[in-house]
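Input: a single structure, listed below in structure tokens.
Just so you know, these numbers use all the heavy atoms, side chains as well, and skip hydrogens, waters and symmetry mates. Chain letters run A, B, ... following the sequence lines, proteins first and then strands; every chain starts at 1. Just so we're clear, the structure is a prediction, and the values are computed from it rather than from any experiment.
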Amino acid sequence: MTEGAPASTPAAATSGSLRPVRVRFAPSPTGYFHVGGAKTSLYNWIYARQHGGAFVLRIEDTDAERNRPEWIDGIQRAMEWIHTGLDSYGPAWDEGPYFQSHNLDRHVDAGRRLYERGRAYYCDCTREQIDGRNAAHKAATGETRTGYDGYCRDRDNPPVPGSALRFRVDHEGVTVVDDLIRGNPEFANATLEDFVILRGNGSPMFILANVVDDIDMRISHVIRAEEHLPNTPKAQLLWQALDGGPLPTFAHVPLLVNAKRQKLSKRRDPVALEMYRDEGYLPEAMRNFLMTLGWAPQGDTEIVPWDFIMREFRLEDVHSSPAFFDVTKLQAFNGEYIRALSVDDFEARAQPWLVAPHAPWTDEQFDPAVFRAMAPLVQTRVKRMNEVPEHVDFLFLDHAPHDVQAWEKTMKGDAASILDHVIALYETIEWNADALQHAIGVVAEQHGTKPGKAQGPIRVAITGRTVGPPLFHALELLGRERTLERLRRARAKLD
RNA sequence: GCCCCGUUCGUCUAGAGGCCUAGGACACUACCCUCUCAAGGUAGCGGCACGGGUUCGAAUCCCGUACGGGGUACCA
């Protein structure tokens with residue numbers, strides 16, 4: 001620890017609150033759009049809207065190795081998707097996308113400026129050399145040290161290619177971060193190492209590019225994930241060294257974690273917003289759910305209209321502890337949103353899943369009128385729109401789908417005689433759901449069982465499954481001929 | 001190792017010293033409804049990490065401990 005560190009630095013005092021609110025969301029295009037990123041962008045966007053500010057989209061594509069152009073478009077499409085239906089509040093982003101790579105000269109200039117002012121120095125240490133010295137240090141003192149040891153700090157190295165430019169951290173004092181969510185975390189400057197801002201090949205590091213762009217774009221509030229908190233003091237030091245003006249106010253939002261409480265990662269967890277979209281989650285359900293991770297609307301319900309969230313949300317009220325991204329709960333939200341849809345809306349939303357490749361039937365087999373008749377029954381039974389086809393496929397396919405387990409479970413005992421009996425009745429009966437159901441009641445009674453039990457073999461013969469939408473309603477739609485054909489076909493297999 | 005952040009039912013949360021016998025939601029269990037499955041309804045299960053303070057009174061304030069997480073790159 002340093003001696004007698006001051007309680008605060010100008011950091012908190014100078015961060016402007018009278019400046020126009022300008023926030024930014026700065027994803028790096030290294031993969032699909034992360035659900036955590038979606039949440040952060042929503043926070044940014046709401047904050048901008050609430051304060052009459054601007055929301056800037058900036059693509060941080062400085063890591064050429066890992067960036068792929070196709071991800072850039074994907075991120076924008078995903079952002080538009082999560083904003084579906086929010087047009088009345090303004091666009092998904094107000095400015096941009098800006099590309100960090102286009103500002104390369106500004107970043108390099110900033111680095112050079114810092115060098116000229118003695119705020120940065122060139123370093124030609126290799127990682128191996130640094131590690132070696134740290135190992136020797138440990139051997140000599142027993143103290144473990146992993147960071148840069150400041151070896152070149154006072155060697156006045158020339159700016160030759162291959163040498164990295166390091167920021168010269170003033171190790172005196174304390175840097176205080178003005179953070180809306182976490183109070184004001186303090187970092188002793190002595191614990192900050194001289195970090196690289198320009199690589200040996202001359203390209204800027206993230207922290208430099210990020211700060212320079214934030215200054216240039218006059219960003220007033222930096223709302224980002226908690227993982228960035230540790231490098232915030234470095235960013236503030238850079239900001240001041242570059243005469244960036246009033247420091248931005250920060251808000252470090254809690255991480256989204258998996259069941260093991262580790263931060264959601266692109267490689268081991270299902271984090272792609274696009275994937276949830278393609279599975280049939282509704283954007284309004286997803287965004288509502290995302291908002292409840294680390295924050296809750298007033299009252300006893302978490303599922304609330306978006307305008308309520310826009311009104312009630314306070315960045316200051318956001319939690320500071322991580323939240324588990326619980327897909328089960330997301331599904332519950334989604335199911336509730338689906339059920340709240342009007343039947344017309346439900347049909348419209350279901351469209352993408354009613355055609356190939358999502359649907360197992362052809363356009364010729366599909367009958368919109370039949371689907372329409374089934375829609376209300378399907379609506380209460382799906383949690384994701386991609387579940388829609390399996391509830392109605394038997395109505396459009398030529399034969400009942402095959403399910404061995406369902407068959408074995410129901411096609412035993414007196415299934416054969418029940419089928420015989422039902423076939424006989426269905427050949428002449430009036431063809432409507434009530435009559436169809438009544439007939440099963442008669443059959444059940446004669447077999448000394450309950451209607452619920454007797455409908456089992458019929459259901460499997462027709463739909464291939466043991467569960468599904470109300471059977472007799474479906475039979476009415478299927479028609480006498482196709483129904484009888486399936487019943488006879490099933491019956492024949494039992495001989 | 002060092003720096004930083006965090007800790008209310010299994011999970012997401014409400015809770016700003018007395019309104020808390022800690023509320024809601026998801027999940028789970030049971031029952032009702034019912035042609036299966038859902039949906040819906042009713043009920044139940046289940047929590048303030050621990051230890052010290054402060055206070056007439058603490059889930060709420062302070063300190064410590066434990067545990068969890070994030071960062072510690074010439075990644076972003």
Measuring to OP1 and OP2 of B/C35, would you say a side-chain N or O of A/Gln437 lies under 4.0 angstrom away? yes

Identified pairing partner of B/U72, criterion: Watson-Crick or G-U wobble below 3.5 Å: B/G1

Is any side-chain nitrogen or oxygen of A/Arg465 closer than 4.0 Å to OP1 or OP2 of B/C37? no

Select one nucleotide: of B/A73, B/C12, B/G6, the one nearest the side-chain heavy atoms of A/Arg127. B/A73

Students often get this wrong, so: under 4.0 angstrom with heavy atoms, is A/Ala164 touching a base, only sugar-phosphate, or nothing? base

B/C31 pairs with which nucleotide, Watson-Crick or G-U wobble, both distances below 3.5 Å? B/G41

Ring pair (Phe, Tyr, Trp, His ring centres under 6.0 Å) between A/Phe289 and A/Tyr276, intermediate numbers included: CA-CA 12 Å; A/Phe289 174 67; A/Tyr276 291 100; 9.0 Å; no

Which of the following nucleotides, B/U72, B/G70, B/C74, is nearest to the side chain of A/Gln262? B/G70

Please work out if A/Arg145 contacts a base, only the sugar-phosphate, or nothing of the nucleic acid, heavy-atom cut-off 4.0 Å. nothing

Less than 3.5 Å apart, any donor N or O on the side chain of A/Asn386 or A/Arg384 sitting next to an acceptor on the other? yes

Is A/Ser28 near enough to B/C75 that one of its side-chain N or O atoms lies under 4.0 angstrom from OP1 or OP2? no

Report yes if a donor N or O on one partner sits less than 3.5 Å from an acceptor N or O on the other, where the partners are the side chain of A/Thr146 and the base of B/G1; otherwise report no. yes

Closer than 4.0 Å, any side-chain N/O of A/His438 to the OP1 or OP2 of B/C35? no

Is_stacked (A/His228, B/A76) at 5.5 Å, 30 deg: yes

Looking across every strand, which nucleic acid part, if any, lies under 4.0 Å from A/Gly162 by heavy atom: base, sugar-phosphate, or nothing? base

Counting heavy atoms from C-beta on, name the nucleotide in B/C75, B/C12, B/U11 closest to the side chain of A/Met205. B/C75

Testing B/C35, B/C5, B/U72 for proximity to the side chain of A/Glu193, the answer is B/U72

How do A/Gln100 and A/Pro185 order along RNA chain B: which one's closest nucleotide is nearer the 5' end? A/Pro185

When rounded to the nearest Å, what value does the distance between C1' atoms of B/A73 and B/A16 take? 42 Å

Take the protein atom CD of A/Gln298 and the nucleotide atom C1' of B/A25, then report the distance between them rounded to whole Å. 15 Å

Which nucleotide in B/G71, B/G24, B/A38 has an atom nearest any side-chain atom of A/Arg381: B/A38

Which listed nucleotide (B/U13, B/C37, B/G71) is nearest to the side chain of A/Pro230? B/G71

Quick one: is A/Lys234 getting a side-chain N or O under 4.0 Å of the B/G71 phosphate, OP1 or OP2? no

Counting the atoms with a prime plus P, OP1 and OP2 as sugar-phosphate, which does A/Gly294 contact under 4.0 Å by heavy atoms, base, sugar-phosphate, or nothing? sugar-phosphate

A/Phe99 vs A/His102 aromatic rings, parallel, tilted or perpendicular, using cut-offs 30° and 60°? tilted

A/Pro322 side chain: which of B/G6, B/A27, B/G24 is closest? B/G6

Value in whole Å for how far the P atom of B/U13 lies from CZ of A/Phe325: 13 Å

Closest approach to the side chain of A/Thr191, judged atom by atom: which nucleotide of B/C3, B/A76, B/U11 is it? B/C3

Of the listed nucleotides (B/A27, B/C12, B/A38), which one gets closest to any side-chain atom of A/Thr328? B/A27

Watson-Crick or G-U wobble mate for B/G6, both contacts under 3.5 Å: B/C67

Can you tell me if the side-chain N/O atoms of A/Arg199 get under 4.0 Å from OP1 or OP2 in B/A76? yes

With both distances under 3.5 Å as the test, what is the Watson-Crick or G-U wobble partner of B/U11? B/A25

B/G40 OP1/OP2 closer than 4.0 Å to side-chain N/O of A/Arg339: yes

Under 4.0 angstrom, heavy atoms only, what part of the nucleic acid is A/Pro27 near: base, sugar-phosphate, or nothing? nothing

Charged N to carboxylate O under 4.0 angstrom, A/Arg224 versus A/Glu60? no

With a non-hydrogen cut-off below 4.0 angstrom, is A/Glu60 in contact with a base, only sugar-phosphate, or nothing? sugar-phosphate

By side chain to side chain donor-acceptor pair (under 3.5 Å) - contacts of A/Gln379 (at least two apart): none

So, does A/Asp269 use its side chain to make a donor-acceptor pair with the main chain of A/Ser265 at under 3.5 Å? yes

May I ask you to say what A/Asn231 touches in the nucleic acid, namely base, sugar-phosphate or nothing, with a heavy-atom cut-off under 4.0 Å? base

Name the closest nucleotide to the A/Phe187 side chain, picking from B/G70, B/C12, B/C4. B/C4

With a 3.5 Å limit on both atom pairs, tell me what B/A58 is paired to, counting Watson-Crick and G-U wobble, or say none. none

Does either side chain, that of A/Ser342 or that of A/Asp344, offer a donor lying less than 3.5 Å from an acceptor on the other one? no

In this structure, which one of A/Tyr43, A/Trp306, A/Phe308 forms a ring pair (Phe, Tyr, Trp, His ring centres under 6.0 Å) with A/Phe313? A/Tyr43

